[in-house]
Amino acid sequence: FYLMLSGGRVPAVRSFIMTSFFLIGLLIGRKVLWLYTLLFAGSLILIADPEAILKPSFQLSFVAIIIIGVTIDLTEKWIKNKKFNIFYLSLRFVFISIAIFFGTLPIVIYHFHKVSFIGVITNLIFTPFICFFVIPISLIFSFIFLLTDYFPVPILIQYLVGFTNSLIFFISKYAYIYTFRGFSIVF
């Protein structure tokens with residue numbers, strides 16, 4: 001459903017293929033390696049649309065997933081040696097955010113000729129807020145609506161989304177964006 005809702009964009013197709021393989025692996029009792037599913041998803045997308053490799057959405061999506069996977073693999077041993085601790089998991093999230101920023105930076109500069117350095121900080125704030133509050137509350141309320149035809153406390157969802165959008169808009173007005181002029185690569 002989400003794949004159709006998103007219009008079949010490259011990141012959504014990649015996510016759909018990887019999630020499908022992960023779920024199939026769970027059903028048949030096999031561990032699915034993220035790199036193999038990523039390579040398979042990339043292959044399917046490129047078979048269907050070879051020019052996708054030139055698009056920023058393809059490049060950013062796949063590079064970001066590679067960076068996430070490598071960062072998780074590198075920090076896995078470090079995390080396993082610690083007892084479950086929110087501090088170490090939070091530190092891992094910080095490492096991943098910083099790694100994604102710097103890892104995708106060349107692609108962002110090449111395609112868009114500008115970069116905002118406040119993105120790392122805003123990702124550290126908004127990603128947990130949206131993932132742990134806005135989306136779960138929205139899903140729970142939507143599920144209740146499907147069962148009862150009553151949407152509980154719609155004002156709460158409106159407030160959370162409105163507050164998030166207002167804060168993002170406020171920060172974007174004052175965010176420092178560095179523009180790279182005259183940057184080009186000739187093939």
Side-chain angles (χ1 to χ4, degrees), residues 1-23 25-26 31-35 37-38 41 56-76 78-80 82-105 107-108 115-147 151-173 175:
F1 176 72
Y2 175 74
L3 183 61
M4 292 184 298
L5 186 67
S6 72
R9 305 238 188 261
V10 169
V13 172
R14 180 213 33 87
S15 177
F16 175 78
I17 293 169
M18 291 184 71
T19 302
S20 298
F21 270 85
F22 176 75
L23 293 175
L26 282 178
K31 183 177 180 183
V32 179
L33 299 174
W34 67 269
L35 187 57
T37 60
L38 182 67
S57 62
F58 180 91
Q59 295 170 6
L60 290 169
S61 178
F62 280 83
V63 168
I65 295 301
I66 289 169
I67 292 168
I68 290 170
V70 168
T71 306
I72 287 174
D73 287 349
L74 290 175
T75 59
E76 189 65 30
W78 180 61
I79 295 289
K80 278 186 177 178
K82 312 293 183 208
K83 292 181 181 177
F84 180 78
N85 188 329
I86 195 73
F87 172 76
Y88 292 108
L89 293 174
S90 299
L91 199 55
R92 177 191 258 181
F93 176 64
V94 170
F95 288 154
I96 290 171
S97 295
I98 292 169
I100 289 173
F101 176 78
F102 285 108
T104 58
L105 187 63
I107 299 168
V108 170
V115 64
S116 174
F117 295 102
I118 199 165
V120 175
I121 297 165
T122 55
N123 281 342
L124 292 173
I125 295 167
F126 290 115
T127 301
F129 179 73
I130 291 170
C131 289
F132 295 124
F133 293 105
V134 176
I135 292 175
I137 290 171
S138 298
L139 288 174
I140 290 168
F141 286 4
S142 297
F143 186 69
I144 291 171
F145 176 75
L146 287 174
L147 294 176
F151 195 83
V153 199
I155 194 80
L156 177 62
I157 300 296
Q158 291 172 342
Y159 175 77
L160 288 174
V161 172
F163 172 75
T164 305
N165 286 339
S166 298
L167 200 53
I168 290 170
F169 180 74
F170 175 78
I171 290 171
S172 69
K173 283 174 48 179

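The analysis underlying the following values was restricted to heavy atoms, covering all of them including side chains, and did not include hydrogens, waters or symmetry mates.
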Any side-chain heavy-atom pair of T37 and F22 under 4.5 Å
no
Closest non-hydrogen atoms of T164 and F129, given as atom of the first, atom of the second and distance, are OG1-CE2, 3.0 Å
Here the pair of heavy atoms bringing F93 nearest to N123 is CZ-O, 3.8 Å
Ignoring hydrogens and angles, write down the donor-acceptor pairs under 3.5 Å from the side chains of residues 154-163, residues two or more places apart or on other chains.
none

Between I144 and the options L146, I140, L147, the side-chain contact (heavy atoms from CB on, under 4.5 Å) test singles out I140
Residues 62-75 side chain polar contacts: donor-acceptor under 3.5 Å, at least two apart:
residue, atom, partner, partner atom, Å
T71, OG1, I67, O, 2.7
D73, OD2, W34, NE1, 3.2
T75, OG1, T71, O, 2.9
T75, OG1, I72, O, 3.3
T75, OG1, R92, NE, 2.9

If you define the side chain from C-beta out and look only at heavy atoms, does anything of P11 sit under 4.5 Å from F58?
no
Rounding to 0.5 Å, atoms OG1 (T19) and CZ (R14) come to a distance of 8.0 Å
Rounded to the nearest 0.5 Å, the CD1 atom of I130 sits from the OG atom of S138 at a distance of 10.5 Å
In this structure, CZ of F101 is separated from CD1 of I118 (nearest 0.5 Å) by 11.0 Å
- Just wondering, do F102 and L105 contact through their side chains at under 4.5 Å, heavy atoms? yes
